[in-house]
Amino acid sequence: MRMVDIIVNKREGLENTQAEIDFLINGYVKGDIPDYQISSWLMATFFQGMSDDEAFYLTKAMLYSGDVIDLSMIDGVKVDKHSTGGVGDKTTLVLGPLVASVGAKVAKLSGRGLGHTGGTLDKMESIEGMSIDIPEDRFIHQVNDINIAVAGQTKKLVPADKLLYALRDVTGTVPSKPLIASSIMSKKLASGADVICLDVKIGDGAFMKTLDDAKDLSEIMVAIGNSFGKKVTAFITDMDQPLGMTIGNRLEVKEAMETLAGHGPEDLETLCVNIASYMIYYAHKADSLEEAKQLAYDQLHNGQALAKFHEFVEAQGGTVPVLDKFITVDEIIPYKAKKAGYIKRIKALNIGLASMKLGGGRETKEDDIDPNVGIVLHQKVGDLVKVGDTVCDIYKNKRWSDDILELLDEAYEIVEEEIQTPDTIKTIIG
Ligand code: URA
């Protein structure tokens, strides 16, 4: 088999066979096929797309390029969730303890944040002592013991994705739906769960900008998961504005804890209760989705979900934060509305970038982050403001750059006509 023929087949719109895709992925991981040929195939794939079969073969080849976690030692149905990446997205910190509190088994591998999006591991590590480095046997023991463990992905998990993603990043081929779907699903499948809930974000701060694109991506991911015998549900959710009211690691942990205590912002609670209902129902911890939803809501309001969060933090070596002492910044700068009217937009991308420039996120993988800094919103889209009202607070330590204020100026769009509060969940697929 020759790589050039595989590229030509794809360029001409023919389907690549399973053998061709295996050859390409194995050869690339071993270093036998050079970047320039894989780049060419990626671009041909970007334009020609992939059939469902090809997306399945690619996912399978990537999945078996490294370790596949064996969760068979965990009793019961294993549930997992994945977000395609957002701003202010602290869902895992709420959902994980919430579904674990009713007995579903959460064995989750998470990632770090890069650019304008945050990552669960960084939020966890902002809690004193909390470790994300757990050996596999302890990880499994912890899930059997308290129903939840969240750890960092090892380097051995889907090495093909690390190589391909880095190449896609520099060849303009990241936004291909089958490539995104196989990248996400290979990692989820390698993590070993039986039930997978996908949170596919749409909007300014997300990969997918339109509902149609998000639906296409979701359908590909659900089909791939089903081909592997997994129950997969995709929630297409709003990322035209940040999720919740906080952006920045400790600010988000605090908001997650408030949500677990039943005092969270409406959009975050709605999202978590709805995704939790599917995880709880498919883990056979309720007889219907309605019952599961009520159970999820009750656990947030009866102290059980927060109690599980405490157990989870302590099991991973952390000290549960005392919230009024948790965040230490030199200065809190109010950012005020320059216009009266209804908030039409709070661009998630700009808010994420502003938080990154304060030191709350990473521009490159090597950057250090300051867990204390970030942005706290005072209103959301649809709210009415007057000139001079504080629309957000900037939590600042040492780092500052002048374009932070420009980013916020551009983030807010305020108009005279009344604006409806957007739906957090646009649709559900699967
Ligand atoms: N997230 C991933 O893990 N992979 C992609 O290709 C895009 C988003």
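Note that ligands are numbered from 1 as they come in the structure, with each ligand's atoms numbered from 1 the same way. Just so it is clear, the structure is predicted and the values come from calculations on it, not from any experiment.
Taking Y281 as the reference, nothing meets the ring-ring contact (aromatic ring centres under 6.0 Å, His included) condition, with sequence neighbours excluded.
One finds a salt bridge joining D267 and K380 here, because a Lys/Arg side-chain nitrogen approaches an Asp/Glu carboxylate oxygen to under 4.0 Å. The existence of a salt bridge linking R345 and D204 is excluded, since no basic side-chain nitrogen approaches an acidic carboxylate oxygen closer than 4.0 Å. Using a cut-off of 4.0 Å between Lys/Arg side-chain N and Asp/Glu carboxylate O, E54 and K10 are scored as salt-bridged.
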Quick one: side chains of residues 40-49, donor-acceptor pairs under 3.5 Å with protein atoms, not counting sequence neighbours, listed by atom name and distance.
{"unit_1": "W41", "atom_1": "NE1", "unit_2": "N16", "atom_2": "OD1", "d": "2.9"}
{"unit_1": "T45", "atom_1": "OG1", "unit_2": "W41", "atom_2": "O", "d": "2.8"}
{"unit_1": "Q48", "atom_1": "NE2", "unit_2": "R11", "atom_2": "O", "d": "2.7"}

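A heavy-atom cutoff of 4.0 Å around ligand 1 is satisfied by the protein residues Y165, R168, I180, S183, I184, K187, F207.
The side chain to side chain donor-acceptor pair (under 3.5 Å) analysis of residues 135-145, with sequence neighbours excluded, yields the pairs Q142-Q316.
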